[in-house]
Trainee: 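One structure follows; several queries about it will come next.
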Amino acid sequence: MTATATSKKIKAGILGASGYTGAEAMRLLLRHPSVELTLLTADRKAGQSVEEVYPHLGGYGLPDMVSVEDADWNSVDVVFCGLPHGTTQEIIATLPKTVKVVDMSADFRLRDPKTYAEWYGGEHTALDLQKEAVYGLTELYRDQVRDARLVACPGCYPTATLIALLPLVEAGLVDPLDLVIDAKSGVSGAGRGLKQNTLFCEAGEGLSPYAVASHRHAPEIEQEVAKFAGLAAADVRVNFVPHLVPMSRGELVTCHVRLSERKTAADLRSEFENRYQGEPFVRVLSAGAIPQTQMVRGSNNCVIGVFEDRIPGRALVIAAIDNLVKGSSGQAIQNMNLMFGLEETAGLEQAPLFP
Ligand SMILES: NC(=O)C1=CN([C@@H]2O[C@H](COP(=O)(O)OP(=O)(O)OC[C@H]3O[C@@H](n4cnc5c(N)ncnc54)[C@H](OP(=O)(O)O)[C@@H]3O)[C@@H](O)[C@H]2O)C=CC1
Ligand SMILES: CC(=O)N[C@@H](CCC(=O)OP(=O)(O)O)C(=O)O
């Protein structure tokens with residue numbers, strides 16, 4: 001179904017609407033010219049109104065939250081999944097094939113079932129769907145996303161990291177076997193569920209590295225770096241360390257790269273300028289300008305800066321996104337737009353919120 005083929009609005013459901021990515025998807029889709037929200041699901045909050053769960057979204061006439069068991073799949077053309085890992089695959093497997101799926105969880109991102117089982121604590125239960133899924137890093141997979149029924153949106157850290165690295169790896173400008181990624185995220189990246197490390201007293205006024213060199217986004221980044229470098233995934237290992245930062249949203253990655261012979265930071269900048277020219281949501285900053293999370297807050301934008309390193313033969317690429325927009329719900333809507341033949345930017349045009 002394309003928007004040009006029918007004037008009817010696309011009927012969209014959000015599974016996991018009571019979570020943070022679900023709330024952000026609701027906020028963005030409320031302004032989407034071609035989408036009507038017809039189904040919202042929750043687990044513990046099933047039966048509650050949107051106003052009860054998210055007071056800031058009250059008064060927009062959204063449907064109440066229902067459990068997945070009570071969902072009417074005939075009421076939707078597409079579902080956005082903001083569900084925990086493992087849960088999505090079970091639920092999606094029961095859906096009619098006519099419903100398109102934009103998944104924000106990690107269930108369909110990893111192509112190798114063994115790697116999935118190793119990092120996500122068990123066998124995948126919907127391998128046929130995993131094979132069908134297209135990796136939804138829109139800027140790099142646009143053509144495949146257009147034709148997909150099931151899109152697996154990248155994790156928030158991989159989104160920023162891969163936008164910053166894949167064009168350089170593909171062009172042979174940096175060594176794919178020497179990538180160090182120093183990543184920071186706002187606390188909403190951990191979801192709305194109660195967790196000790198995201199309590200105000202534990203996350204506030206401090207900076208905490210976690211999952212040091214053992215985060216499940218490392219194999220996802222390695223999968224894509226390997227693909228774009230023409231290597232086997234098993235041969236690529238990246239150094240990836242995430243940090244929790246006391247801010248509600250935003251994400252920034254500082255990527256330390258080794259330049260290929262005779263290449264300079266200026267070559268990296270030229271590659272980005274060529275590659276991302278005309279991209280509606282990726283902005284390569286002018287030399288010297290420093291990416292900050294404040295530049296992208298509330299928007300679907302990704303800003304990138306390239307810097308010389310004092311160590312000869314090395315450079316730094318810094319990228320910032322909003323984890324709840326480009327890092328999840330915004331990118332998911334960008335993908336949905338392509339899947340339905342809409343303007344890629346529909347519903348996503350808002351400028352960043354500052355201060
Ligand atoms: N937060 C972020 O920045 C990003 C998150 N993601 C991924 O997106 C997904 C959603 O994340 P987020 O919104 O932060 O998570 P939240 O924890 O905030 O929300 C999870 C949602 O799933 C529902 N849910 C939980 N268990 C079940 C179940 N067994 N059956 C049906 N529904 C269930 C919850 O319902 P209820 O509240 O009623 O219990 C809630 O609506 C996760 O896979 C996450 O890793 C990806 C990129 C970025
Ligand atoms: C701050 C924080 O806790 N962030 C989450 C990443 C959220 C996300 O993008 O990832 P997934 O969809 O892969 O879960 C984490 O590190 O687990």
Side-chain angles (χ1 to χ4, degrees), residues 13-27 39-50 52-54 64-71 79-92 94 102-110 116 119-121 135-137 152-162 183-198 202-203 207-212 214-221 223 240-253 293 321-332:
I14 300 175
L15 312 188
S18 53
Y20 280 157
T21 57
E24 193 68 351
M26 282 191 275
R27 180 179 77 87
L39 173 70
L40 302 176
T41 79
D43 187 28
R44 291 160 304 164
K45 301 204 174 77
Q48 297 188 26
S49 67
V50 169
E52 282 173 283
V53 180
Y54 283 116
D64 289 349
M65 312 238 172
V66 298
S67 69
V68 167
E69 291 71 32
D70 289 337
V79 289
F80 293 90
C81 303
L83 300 164
H85 313 314
T87 312
T88 318
Q89 55 196 268
E90 285 171 21
I91 293 172
I92 292 315
T94 68
V102 189
D103 184 21
M104 297 185 279
S105 83
D107 274 11
F108 301 101
R109 295 176 194 153
L110 294 175
Y116 176 87
W119 287 88
Y120 288 90
Y135 191 67
L137 185 65
C153 295
C156 47
Y157 289 124
T159 296
T161 305
L162 296 172
K184 281 118 193 151
S185 173
V187 182
S188 63
R192 202 184 198 194
L194 294 177
K195 298 176 192 89
Q196 184 171 310
N197 70 322
T198 62
E202 315 247 350
L207 177 62
S208 313
Y210 64 100
V212 176
S214 59
H215 193 280
R216 63 189 187 287
H217 285 174
E220 187 182 330
I221 294 167
Q223 167 182 284
F240 173 74
V241 180
H243 301 72
L244 193 66
V245 178
M247 58 187 183
S248 59
R249 57 165 84 203
E251 200 167 273
L252 187 133
V253 293
T293 56
I321 59 170
D322 184 323
N323 57 296
L324 288 176
V325 191
K326 186 60 175 164
S328 51
S329 308
Q331 181 159 235

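As the structure lists them, so they are numbered: ligands from 1, and atoms in each ligand from 1.
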Trainee: Please could you name the atoms of ligand 2 that Arg109 approaches to less than 4.0 Å, counting only its heavy atoms?
Mentor: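 In order of numbering, the contacting atoms are 11 (P), 12 (O), 13 (O).
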Trainee: Should you measure from each heavy atom of Pro84, which atoms of ligand 1 turn up under 4.0 Å away?
Mentor: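 Atoms satisfying the 4.0 Å criterion: 22 (O), 24 (N), 25 (C), 26 (N), 43 (O).
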Trainee: Which residue and atom name correspond to the protein heavy atom nearest atom 9 (C) of ligand 1, and how close is it?
Mentor: Leu83 O, 3.3 Å
Trainee: Answer yes or no for Gly327: is there a heavy-atom contact with ligand 1 below 4.0 Å?
Mentor: yes
Trainee: Do any nitrogen or oxygen atoms of Ala106 lie less than 3.5 angstrom from nitrogen or oxygen atoms of ligand 2?
Mentor: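 No - when backbone and side-chain N and O of Ala106 are compared with those of ligand 2, no distance drops under 3.5 Å.
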Trainee: Please state which protein non-hydrogen atom is closest to atom 39 (O) of ligand 1 and give its distance, to 0.1 Å?
Mentor: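 Result for atom 39 (O) of ligand 1: Arg44 NE, 2.8 Å.
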Trainee: How long is the straight-line distance from OG of Ser18 back to CG of Asp43, given to the nearest 0.5 Å?
Mentor: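 One finds 7.5 Å between CG of Asp43 and OG of Ser18.
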Trainee: So, His243 side chain and Ala183 main chain: donor-acceptor pair closer than 3.5 Å or not?
Mentor: yes
Trainee: Is there a polar contact, in the sense of an N or O pair closer than 3.5 Å, between Ser105 and ligand 2?
Mentor: no
Trainee: Does Tyr157 reach ligand 2 with a nitrogen or oxygen that is under 3.5 Å from one of the ligand's nitrogen or oxygen atoms?
Mentor: no
Trainee: Between Ser329 (side chain) and Thr21 (backbone), is there a donor-acceptor pair under 3.5 Å?
Mentor: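 Yes, because the side chain of Ser329 sits within donor-acceptor range (under 3.5 Å) of the backbone of Thr21.
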Trainee: Assess the side chains of Ser188 and Asn323: does a donor N or O sit below 3.5 Å from an acceptor N or O?
Mentor: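 Note: Ser188 and Asn323 side chains meet the donor-acceptor criterion.
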Trainee: If the cut-off is 4.0 Å to any non-hydrogen atom of Leu244, which atoms of ligand 2 fall inside it?
Mentor: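 Listed by number with element: 1 (C).
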Trainee: Short list, please: which atoms of ligand 2 are under 4.0 Å from a heavy atom of Gly186?
Mentor: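 Checking each atom against Gly186, I get 1 (C).
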Trainee: Out of all atoms in ligand 2, which are within 4.0 Å of some heavy atom of Tyr210? Include the element for each.
Mentor: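 Within the 4.0 Å cut-off of Tyr210, ligand 2 contributes 1 (C), 2 (C), 3 (O), 4 (N), 15 (C), 16 (O).
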Trainee: Would one find an N or O of Ser188, backbone or side chain, under 3.5 Å from an N or O of ligand 1?
Mentor: yes
Trainee: May I ask whether Glu220 places a heavy atom under 4.0 Å from ligand 2?
Mentor: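 Not so, Glu220 does not reach ligand 2.
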Trainee: According to the interplanar angle, ranging from 0 to 90°, do the rings of Tyr157 and Tyr210 count as parallel (below 30°), tilted (30 to 60°) or perpendicular (above 60°)?
Mentor: tilted
Trainee: Does Leu194 have more than 12 heavy atoms from other residues, nucleotides or ligands lying within 6.0 Å of its CG?
Mentor: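 Counting neighbours around CG of Leu194, 12 or fewer heavy atoms of other residues, nucleotides or ligands fall under 6.0 Å, so no.
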Trainee: Show the numbers, then the answer: is there a side chain to side chain contact (heavy atoms under 4.5 Å, CB included) between Ile14 and Thr41?
Mentor: CA-CA 6 Å; Ile14 300 175; Thr41 79; over 6 Å; no
Trainee: Can a donor-acceptor pair be found between the side chains of Ser328 and Glu24 at a distance below 3.5 Å?
Mentor: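 No pair is found: no donor N or O on one side chain lies under 3.5 Å from an acceptor on the other.
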Trainee: Among all protein heavy atoms, pick the one closest to atom 29 (N) of ligand 1 and tell me residue, atom and distance.
Mentor: Thr87 CG2, 3.7 Å
Trainee: Can you confirm, on distance only, whether ligand 2 has an N/O atom lying under 3.5 Å from any N/O atom belonging to Ser185?
Mentor: no
Trainee: Students should be able to answer this: which protein heavy-atom is nearest to atom 8 (C) of ligand 2, and at what distance?
Mentor: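 The answer is Cys156 SG, 3.2 Å.
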Trainee: Based purely on interatomic distance, does Tyr120 place a nitrogen or oxygen under 3.5 Å from a nitrogen or oxygen of ligand 2?
Mentor: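 In this structure, Tyr120 places no N or O atom under 3.5 Å from an N or O of ligand 2.
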Trainee: Can you list the atoms of ligand 1 that are under 4.0 Å from a heavy atom of His85?
Mentor: 43 (O), 45 (O)
Trainee: State, without any angle test, whether Gln89 and Asp107 hold a side-chain donor-acceptor pair at a distance under 3.5 Å.
Mentor: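 Distance-only check passes for Gln89 and Asp107.
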Trainee: Can you tell me the protein heavy atom closest to atom 20 (C) of ligand 1 and the distance?
Mentor: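 Among all protein heavy atoms, the one nearest atom 20 (C) of ligand 1 is Gly82 O, 3.6 Å.
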Trainee: Which residue owns the protein heavy atom closest to atom 36 (P) of ligand 1, what's the atom, and how far is it?
Mentor: Ser18 OG, 3.2 Å
Trainee: Would you mind checking which non-hydrogen protein atom is closest to atom 3 (O) of ligand 1, with the distance to 0.1 Å?
Mentor: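 For this ligand atom, the closest protein heavy atom is Asn323 ND2, 2.9 Å.
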